[in-house]
Every structure is written in C-alpha cells, then in structure tokens.
Amino acid sequence: MRLINSGISPIHEEGLDGLLRKNISAGRLRASTKLEVAIVNADISIIAVGTPFDGSEIDLSYIRKSASDIGMCLKLASAYHVVCVKSTVVPGTTTDVVGPILEELSGRKIGQTLGLCMNPEFLAEGSAVKDFMDPDRIVLGVSDQRAGKLMSDAYAPFCCKDILITNPSTAEMCKYAANSLFATAISFSNEIANLCASISNIDALDVMYAVQLDRRLSPIIGDDRIRPGLMSFLLPGTGFGGSCFPKDVKAFQAYGQKNGHNMPILHSVLDTNKSQPDVTMKLIKAAIGDLRGKHITVLGLAFKPGTDDVRESPALLIIKMLLSCGALVNAHDPVAMNSAKEVLMDDNLNYYNELSESILNVDALVLVTSWPEYKNIELIEALKNIPIIDGRRFLDKQKFPTYFGIGCSNF
Ligand code: UDX
C-alpha cells in the first residue's frame with residue numbers, strides 16, 4: 001500500500017508508475033487498508049482478486065471473502081452501490097455466489113439499493129495501461145438497468161464504441177471464450193509446426209505466413225494489407241504461458257466437462273501446449289547431443305516480452321529440464337530476472353545482468369522470449385559458431401549457420 005501511495009507500481013507495467021503518480025498527486029487515487037471507509041464512500045466496488053485453478057475448479061475463496069467484506073461494509077451505509085466482479089470467474093459465479101453473499105451480509109436487495117455487475121478485463125500484460133485507457137470493448141454483465149447505467153457512466157470517459165451490456169453469466173463466458181480462441185490459435189500453429197519439423201524441407205514459418213496472408217485474415221484495403229493482432233498468435237513457438245491463458249483454458253475445459261461437454265478442442269490445445277517445451281528440448285538435444293556439462297544460455301525468462309511475469313513461463317520449464325540433464329545454464333532477461341530468482345535457484349544456474357556476458361563461451365544459445373533487444377545478437381560474430389535454438393522463430397535463420405527453430409526441418 002505504501003509503495004502504491006508513493007507512486008511506485010509493484011509490478012512492471014509500461015506507463016503504470018506515471019499514471020499512479022499523476023492520479024495520486026491530483027488526489028484521485030489512494031490505496032488504503034481501511035475497507036469500510038473505501039466502500040462506504042464509493043458508488044462502485046470492484047472485486048479484482050485472484051481465482052487460482054486447483055486442478056478441478058477455480059478457487060473462489062478470495063471472491064467469497066471479498067464479497068463478505070464488502071457486504072458487511074454496505075450494511076453500514078444506505079446509498080445505492082454496485083459491486084462489480086473483475087476477476088475471471090466461471091459463468092454463474094457473480095449471480096449465484098457473489099450476489100447471495102452480498103444480499104445476506106448487507107441486508108440489501110439486488111435491484112433495490114444494490115446492483116451487481118460482471119465486467120471482464122481484457123488487458124494484456126505489458127500493454128495493460130493502453131488496453132485500459134483505449135479499450136477495444138467493454139463488456140458489462142449487469143443485474144438490472146440501474147446497475148448498467150452506473151457502470152456505463154463510469155466508463156463513459158473512455159469513449160469505447162463497443163460497449164456490450166448483457167447479463168453477468170454471459171459476461172463471464174465472454175472472457176473464457178476470448179482467451180480460449182487465442183490459445184487455440186497458438187496451439188494450432190504449434191501442431192502444424194511440429195508436423196512441418198518432422199518432414200524434410202518445410203519451414204512452418206513460411207507455411208503460417210502463407211496462412212496469414214489469406215485476405216479473410218489479413219484484409220487488403222486499397223494498396224495496403226491490414227495485419228490484425230491475431231496474426232501474431234499464428235506462429236510457431238514454445239507455447240503460451242502467463243497468468244491467464246493456461247489457467248483460464250484449464251478452468252474453462254473443467255467447467256465444460258462439469259456441464260457435460262468434454263471440450264475436445266481445449267483438451268488438445270492444452271496437450272499441445274504442454275508438449276512445446278519438450279519440443280524445444282528435443283531441438284536442443286538434436287543440436288548439441290548429450291547435455292551433461294554443456295554451457296547453455298537461455299535468453300528470456302518472462303512468459304512474453306514486455307513483462308516481468310514468469311508465471312507458467314516456458315523458459316523456466318526449459319531451464320529445469322536442462323538442469324536435470326546436467327547442463328550448466330546462463331540465464332538472462334531484461335526485466336524478469338528478479339521474479340525468476342524468486343522461484344528458480346540452482347547451483348548450476350547463473351543469472352546474468354549483462355546480455356553480452358551471458359553469451360560468452362557457451363556451447364549453445366536458446367531463445368525463449370522474444371525481447372526486441374535479442375534481435376541484436378544476429379550481429380554477434382562469435383554466435384555464428386554455436387548452435388542457436390530459436391524457440392520463438394524470432395531470429396533470422398539466414399544469419400546463423402547452425403540455426404534450429406521450432407517448426408523448421410533443417411536437421
Ligand atoms: C491475455 C489476454 O490477451 C488478455 O486479453 C486477457 O485479459 C488476459 O490474458 P496476457 O496473459 O497478458 O493476456 O498475454 P497475451 O499477450 O495474450 O499472451 C499470452 C500468450 O500468448 C503468451 O504466452 C504469448 O507468448 C502468446 N502470444 C502473445 C503470442 O503468441 N502472440 C502475441 O502476439 C501475444
């Protein structure tokens with residue numbers, strides 16, 4: 001709390017520190033541990049707590065606790081109040097779990113002095129500030145018209161053309177469906193990539209590029225081709241990670257199963273994703289053989305560039321596998337080093353602050369996160385003599401005599 005009130009973001013997120021400082025000094029934002037004061041003086045409370053997946057369903061204990069705390073505070077006031085769920089929760093949670101807790105503890109009735117809203121977040125880490133300030137869509141799943149009006153008014157300054165007002169369960173489903181589509185695009189590309197790699201003389205990068213150039217995916221308008229963001233998900237790689245895609249797809253698949261739907265596509269999406277770090281390991285072994293005693297640099301620890309988040313990062317899985325095969329690992333990341341050190345320490349793992357030092361005298365280099373600065377390694381002469389394993393198809397394969405890329409059948 002003290003960190004936030006002094007304008008310092010506890011996470012690495014572009015633009016967030018500046019935004020915190022600006023609004024704290026203008027008196028518009030203050031972090032507090034005094035829940036009662038915060039709730040009673042507000043028109044809207046937003047629940048944005050974690051919903052970890054325990055293997056069979058999402059853990060709603062933090063949601064329940066927040067709803068109870070808010071409900072008890074609301075008992076002390078009488079003005080109309082909307083409670084908005086931002087956390088990713090399976091359909092029915094807002095109406096069937098949060099609503100009843102709030103009604104019971106606040107003594108209020110939904111539709112009278114209490115409104116309920118489910119408002120999924122569509123922020124991607126690294127561009128969260130931009131995604132919030134300039135939203136592509138706002139989904140408001142509301143209990144009634146009055147709650148919808150208050151929530152729409154709150155979002156009015158963001159001038160979003162596409163505000164979908166619906167019911168809470170539909171809003172909950174939107175988030176899972178959206179994340180599942182992108183995760184599916186990634187696993188689809190990796191399935192194709194793995195097939196390409198097993199057949200001589202096929203490069204999945206060219207294949208996926210040709211797929212992307214279909215005008216129904218990348219429209220041609222006049223002389224220009226539009227390259228929608230989805231295209232960057234249709235590429236070969238070591239698989240998706242982060243705090244959302246893996247957890248949400250697993251939770252969605254389990255939710256489907258519970259409701260009598262096996263969700264075979266999502267099963268396969270997860271299976272393919274699980275195997276991608278192994279695919280990268282196979283490439284490394286194909287490149288340098290026995291890993292015992294070999295010095296290997298892993299570039300990139302964050303689950304994607306632009307963040308210090310290492311949750312479900314393929315990089316950490318690959319490092320663990322390298323270590324278990326007896327390799328000596330040098331690791332580098334421009335911002336995620338400290339987060340990685342918190343979860344992964346080993347006598348045979350050395351973290352390097354300097355990229356140039358991390359790649360000195362090593363037997364192979366593995367790129368797992370496509371940080372823009374790693375493009376510069378294409379210019380380093382010494383790297384022309386060692387195998388380069390590109391887990392993101394980020395480097396120009398022509399620049400390295402011994403290049404091994406996911407989806408690339410060059411060995
Ligand atoms: C995701 C959703 O994009 C966001 O809308 C939702 O609110 C939360 O989950 P995030 O987890 O931050 O956001 O990451 P995202 O940028 O979507 O990346 C997820 C995975 O997809 C990463 O592992 C990344 O490597 C991969 N990815 C990402 C791509 O393959 N291509 C991209 O262009 C971006």
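Read the numbers this way: they start at 1 and go in the same order the structure lists the ligands and their atoms.
Under the salt bridge (Lys or Arg N to Asp or Glu O under 4.0 Å) criterion, R216 pairs with D214, not counting sequence neighbours. When the salt bridge (Lys or Arg N to Asp or Glu O under 4.0 Å) test is applied to R28, no partner is found at least two apart in sequence or on another chain.
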Return a table of N or O atom pairs, ligand 1 on one side and protein on the other, at distances under 3.5 Å, rounded to 0.1 Å.
from     : atom 1 : to   : atom 2 : distance (Å)
ligand 1 : 7 (O)  : E121 : O      : 3.2
ligand 1 : 7 (O)  : E121 : OE1    : 3.2
ligand 1 : 7 (O)  : L123 : N      : 3.1
ligand 1 : 7 (O)  : L123 : O      : 3.0
ligand 1 : 12 (O) : E125 : N      : 2.5
ligand 1 : 12 (O) : K304 : NZ     : 3.2
ligand 1 : 14 (O) : K304 : NZ     : 3.2
ligand 1 : 16 (O) : K304 : NZ     : 2.7
ligand 1 : 23 (O) : G241 : N      : 2.8
ligand 1 : 31 (N) : S232 : O      : 2.9
ligand 1 : 33 (O) : S232 : OG     : 2.4

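Seen from the ring of F122, R137 counts as a face-on cation partner, given the 6.0 Å and 45° thresholds.
For K294 (side chain) and A364 (main-chain N/O), no donor-acceptor pair under 3.5 Å exists by modelled atom type.
Atom CD of E14 is surrounded by 12 or fewer heavy atoms from other residues, nucleotides or ligands within 6.0 Å.
Residue pairs meeting the ring-ring contact (aromatic ring centres under 6.0 Å, His included) criterion with at least one member in residues 184-218, sequence neighbours excluded, do not occur.
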